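Each remark here refers to the structure printed beneath this line.
Count residues from 1 along the sequence. These figures come from a predicted structure and were not determined experimentally.
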Amino acid sequence: MSVLRVGNASGFYGDRFDAMREMLTDGPLDVLTGDYLAELTMLILGRDRLKNPDAGYARTFLRQLEECLGLAHERRVKIVTNAGGLNPAGLADAVRALAERLGIPVRVAHVEGDDRTAAHPGTLAAHAYLGGFGIAACLRAGADVVVTGRVTDAALVTGPAAAHFGWGPTEYDRLAGAVVAGHLLECGAQATGGNYAFFQDGDVRRPGFPLAELHADGTSVVTKHDGTGGFVDVGTVTAQLLYETGGARYAGPDVTARLDTVRLSQDGPDRVRVEGVRGEAPPPTLKVGLNRLGGFRNEVAFVLTGLDVEAKADLVRTQMEPALGRITDVRWDLARTDRPDAPTEETASALLRLVVRDTDQQAVGRALSGAAIELALAGYPGFHVLAPPGKGAPYGVFEDVYVPHGAVDHVAVLHDGRRVSVSPPPDQDTAVPAPVPEPPLPQPLPPGPVRRAPLGLVAGARSGDKGGDANVGVWARTDDAWRWLAHALTADRFRELIPEARDLPVTRHQLPNLRALNFVVEGILGEGVAAQARFDPQAKALGEWLRARHLDIPEALL
């Protein structure tokens, strides 16, 4: 059958507004997807729904569609998105109303059944991660626009692929290939040079958005429209493939994809072929993300300029202590951004950051702000803050649980109103993912002179968050660099380079086909991004910090 061209126009709620129009006008497509959901987004939409029961979906998508629905209809491009969030039926109705107002004859369907909030009292939003076969049912019935709630990010691609090629639920290798393609597209411009360790290899001032040319056997080519910015090479694709993953088995509701089987090769300018992906039966359970309000938080950053920075910090802590005594969670962090004999006041200054969290908004609000501002004329010399603390803002907590497939009523609501249940896989067609035995290490490099230098001179990295954990994928650009990296960057060495991880479980996974190591650091993000327990709450820059750390590197690689 023909190649299926699937593009992406959104990697998160708030991504480039014009991307949908650009993807529709800059080149040919069959399906345009948009990923609007993340753990933090579900919390934001949950708070929206508290204020208005008819809310709960990504309103940006509707505004984008107002100027792009006609374009998609003219070009016969299907649109598949998880922008439905907590209210996919509501967004589907809104799209129908928009189409009627614009006079565009489109068929709108949606997928539901992911909402598990009633089963988890005390949560703001509890949603199961569904697979792609509900999307496939909608498309097979003739839908032009398919809106979902919480599906896996890759389901936005596996659904259209299964519908187009007629795949069944046990065609694991093909489905796994589509999962990998979906994972490569889901974060938009991260596959085309955005957030890339070696960004200076190309012009990334305005990267285009990616697309994948999928084939019936599950292989694909990741590329972008001709003439758009950014670039696609084995490195940009490797970086995105490692993003927010764990071990070699990448489990999802439709299939478990074996990331250790993925083979990447340059297939021409801005074209990377993805092949060799093997799939296995999906796990017997579905992940359910639970979002709840954890309390209130506040913060203030004291600026400490010039001499005696440590003593000034001690004075602030002592003066603030009476106001902090009854607060549950108090964190102080001193960032020594100051330099001696600095040429500017800013580079002569350090930041003392105070973050507080409590269930009592008053304790972290007025009581904190009053105590901090009262020091304005009674504190350390040069007292000032980056911004006055506010009244205390609510923060969220994320955790995940797992339920059997059969506990969720996965339903495709077709454009004509018919409801089609998506059957869960039978028990014999599921398997609990087990750790993959570590492959043998490559031959080490021969002994030779070394130089103390940053890791980033010979390796790229990309990091991200999964609940309270973080992953850091590190890859080498040459075979020799991989031979060194695989031996040098052990889990223990990782802990030495990243002191925050010294007392945390760190698991290292080898992916030799990618010349890559993937590190999973458990608990480094506390209760998840919405809790904002860390300076970099989503661990987005953790990989770049690792690349900046120095170690002994063979001179032959430098």
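The pair D260-R258 meets the salt-bridge criterion, with a side-chain N (NZ, NE, NH1 or NH2) lying under 4.0 Å from an Asp/Glu carboxylate O. Remark: D201 engages R477 in a salt bridge, criterion side-chain N to carboxylate O under 4.0 Å. Salt bridge status for R63 with E66: absent, with no side-chain N to carboxylate O gap under 4.0 Å.
Taking both residues in full, the closest heavy atoms of L286 and P253 are given as CD2-CB, 3.4 Å, listed atom of the first, atom of the second, then distance. Between L29 and V77, the closest heavy-atom pair is O-CG2, 3.5 Å. Closest approach of G230 to D270, counting heavy atoms only: O-OD1, 4.4 Å. In this structure, N82 and L156 approach most closely via the heavy-atom pair N-CD2, 3.9 Å. Nearest heavy-atom pair across V232 and A191 is CG2-O, 3.9 Å. W475 approaches A461 most closely through the heavy-atom pair CZ3-N, 3.2 Å.
Remark: the backbone N or O of G246 is not paired with any side-chain donor or acceptor of N471 at under 3.5 angstrom. A donor-acceptor pair under 3.5 Å links the side-chain atoms of R107 to the main chain of G142, judged by distance alone.
When the ring pair (Phe, Tyr, Trp, His ring centres under 6.0 Å) test is applied to F198, the partners found at least two apart in sequence or on another chain are Y196. Applying the side-chain contact (heavy atoms from CB on, under 4.5 Å) rule to A9 yields the partners A19, M20, M23, L32; only residues at least two apart in sequence or on another chain are considered. Annotation: ring pair (Phe, Tyr, Trp, His ring centres under 6.0 Å) contacts of F519 (sequence neighbours excluded): F494. Applying the ring pair (Phe, Tyr, Trp, His ring centres under 6.0 Å) rule to H183 yields the partners Y250; only residues at least two apart in sequence or on another chain are considered.
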Salt bridge (charged side-chain N to carboxylate O under 4.0 Å, His left out) between D469 and K466, intermediate numbers included: CA-CA 5 Å; D469 303 340; K466 279 294 181 186; over 6 Å; no
Evaluation steps, salt bridge (charged side-chain N to carboxylate O under 4.0 Å, His left out), between D54 and K51: CA-CA 9 Å; D54 295 328; K51 302 172 186 174; over 6 Å; no
D536 vs R534, salt bridge (charged side-chain N to carboxylate O under 4.0 Å, His left out): CA-CA, chis, key distance, verdict: CA-CA 5 Å; D536 173 18; R534 190 175 176 272; 3.7 Å; yes
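For R59, the CZ atom counts as loosely surrounded, since its 6.0 Å shell holds 12 or fewer non-hydrogen atoms of other residues, nucleotides or ligands. Within a 6.0 Å radius of CD in E438, more than 12 heavy atoms belonging to other residues, nucleotides or ligands are found. Heavy-atom neighbours of R278 CZ from other residues, nucleotides or ligands within 6.0 Å: at or below the threshold of 12.
Contact of the R49 side chain with the T117 side chain is registered, since non-hydrogen atoms from C-beta on lie closer than 4.5 Å. Two residues are said to be in side-chain contact when any heavy atoms from C-beta on lie closer than 4.5 Å; V408 and R116 meet this criterion. S220 places a side-chain heavy atom less than 4.5 Å from the side chain of L214. Side-chain atoms of F209 and S10, non-hydrogen and from C-beta on, never get closer than 4.5 Å to each other. The closest side-chain heavy-atom distance from V6 to D30 is not below 4.5 Å. When side chains are defined from C-beta on, H127 counts as touching D114, because their heavy atoms get closer than 4.5 Å. Annotation: side chain of L43 is not in contact with side chain of F398 (no heavy-atom distance under 4.5 Å). Between L4 and V31 there is a side-chain heavy-atom pair separated by less than 4.5 Å.
For the atom pair OG1 (T60) and CG (L65), the distance works out to 12.0 Å, reported to the nearest 0.5 Å. Summarising the geometry, atom CG belonging to L37 is positioned 7.5 Å from atom OG1 belonging to T81; distances are rounded to the nearest 0.5 Å. The CD atom of E280 sits 12.5 Å away from atom OG1 of T430, with the distance rounded to the nearest 0.5 Å.
Within the structure, every pair that satisfies the side chain to side chain donor-acceptor pair (under 3.5 Å) test and touches residues 222-244, not counting sequence neighbours, is listed here: Q190-Q240, K224-T228, Q240-R462, Y243-K540.
Partner D203 forms a side chain to side chain contact (heavy atoms under 4.5 Å, CB included) with one of R205, R206, Q200 and no other, that one being R205. With respect to V262, the side chain to side chain contact (heavy atoms under 4.5 Å, CB included) criterion is satisfied by exactly one of L184, N513, V274, V237: V274.
Between the side chains of T478 and D480, not a single donor N or O lies within less than 3.5 Å of an accepting N or O. In summary, the side chains of D35 and N8 do not present any donor paired with an acceptor at a separation below 3.5 Å, with no hydrogens or angles considered.
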Compile the donor-acceptor pairs under 3.5 Å between side chains in residues 129-140 and protein atoms, sequence neighbours left out, one pair per line.
residue	atom	partner	partner atom	Å
R140	NH2	A162	O	2.9
R140	NH2	W167	O	3.3

